[in-house]
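Everything on this sheet refers to the single structure shown next.
We count ligands from 1, going down the list as the structure has it; atoms in each ligand are counted the same way. Here the structure is a predicted model, which is why all the values come from computation and not from measurement.
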Amino acid sequence: MAAKIGIASDHAGKELKQLVADFVRLKNFEVIDYGVSMESDKSVDYPDYAAILATDISTGKIEQGILICGTGIGMSITANKFPGVRAAIVTDEFTARMCRAHNDANVICLGSRVLNPHRATEFVNIWLDTKFEGNRHKTRLDKIRDIERKLCNK
Ligand code: RB5
């Protein structure tokens with residue numbers, strides 16, 4: 001069974017979302033598209049789309065996700081409110097690799113007004129192909145989990 005990957009964007013990111021979704025399908029992932037729909041011509045609010053994808057990551061329904069808005073910033077701010085979500089804005093090959101190798105980012109955030117589409121798909125490719133290094137980096141992620149548990153009282 002193909003691994004599932006979620007993808008969502010606001011109006012600013014919908015063209016790049018379609019391109020990235022096609023690319024990820026070529027890598028044999030099952031893509032769950034949380035919107036916004038290509039057919040929509042409305043301006044929408046990025047927190048709505050970040051939240052539905054981040055909820056599914058946080059509850060374990062899916063393991064990985066891609067969020068796209070104009071800058072990637074609004075999506076990352078929203079997604080990182082959800083326990084267990086580690087969302088990283090990726091701007092180059094190095095951050096694409098390191099956000100997985102050291103931070104085990106389960107969501108990457110892309111800025112459609114920052115990146116050209118070819119580079120954006122290349123960053124997704126690097127992130128998907130990179131392995132988490134564990135060891136001392138796992139200790140650090142456990143500390144983030146502890147902070148979340150304290151803040152959420154669970
Ligand atoms: C929408 O105009 C824009 O603000 C949004 O896509 C994003 O860049 C927010 O962080």
What donor-acceptor contacts under 3.5 angstrom involve side-chain atoms of residues 40-50, with partners at least two apart or in another chain?
| residue | atom | partner | partner atom | Å |
| --- | --- | --- | --- | --- |
| Ser40 | OG | Lys42 | N | 3.2 |

Query raised in the report: Got a second to check how far Arg86's CZ is from Gln64's CD, nearest 0.5 Å?
Result: 10.5 Å
Query raised in the report: Do Asp146 and Lys150 sit within salt-bridge range, that is, some charged N less than 4.0 Å from a carboxylate O?
Result: no
As a test of reading the model: which N/O atoms of the protein lie under 3.5 Å from N/O atoms of ligand 1, and at what distance?
| residue | atom | partner | partner atom | Å |
| --- | --- | --- | --- | --- |
| ligand 1 | 2 (O) | Arg113 | NH1 | 3.2 |
| ligand 1 | 6 (O) | Asp10 | OD2 | 2.6 |
| ligand 1 | 6 (O) | Gly70 | N | 2.8 |
| ligand 1 | 8 (O) | Gly70 | N | 3.2 |
| ligand 1 | 8 (O) | Thr71 | N | 3.0 |
| ligand 1 | 8 (O) | Thr71 | OG1 | 3.2 |
| ligand 1 | 10 (O) | Thr71 | OG1 | 3.3 |
| ligand 1 | 10 (O) | Gly74 | N | 2.9 |

Query - Partners passing salt bridge (charged side-chain N to carboxylate O under 4.0 Å, His left out) against Arg25 (at least two apart in sequence or in another chain) - result: Asp22
Query - Backbone N/O of Ala87 and side chain of Asn80: donor-acceptor pair under 3.5 Å - result: yes
**Report entry** Test ring-ring contact (aromatic ring centres under 6.0 Å, His included) applied to His102 - qualifying residues, sequence neighbours left out
**Finding:** His137
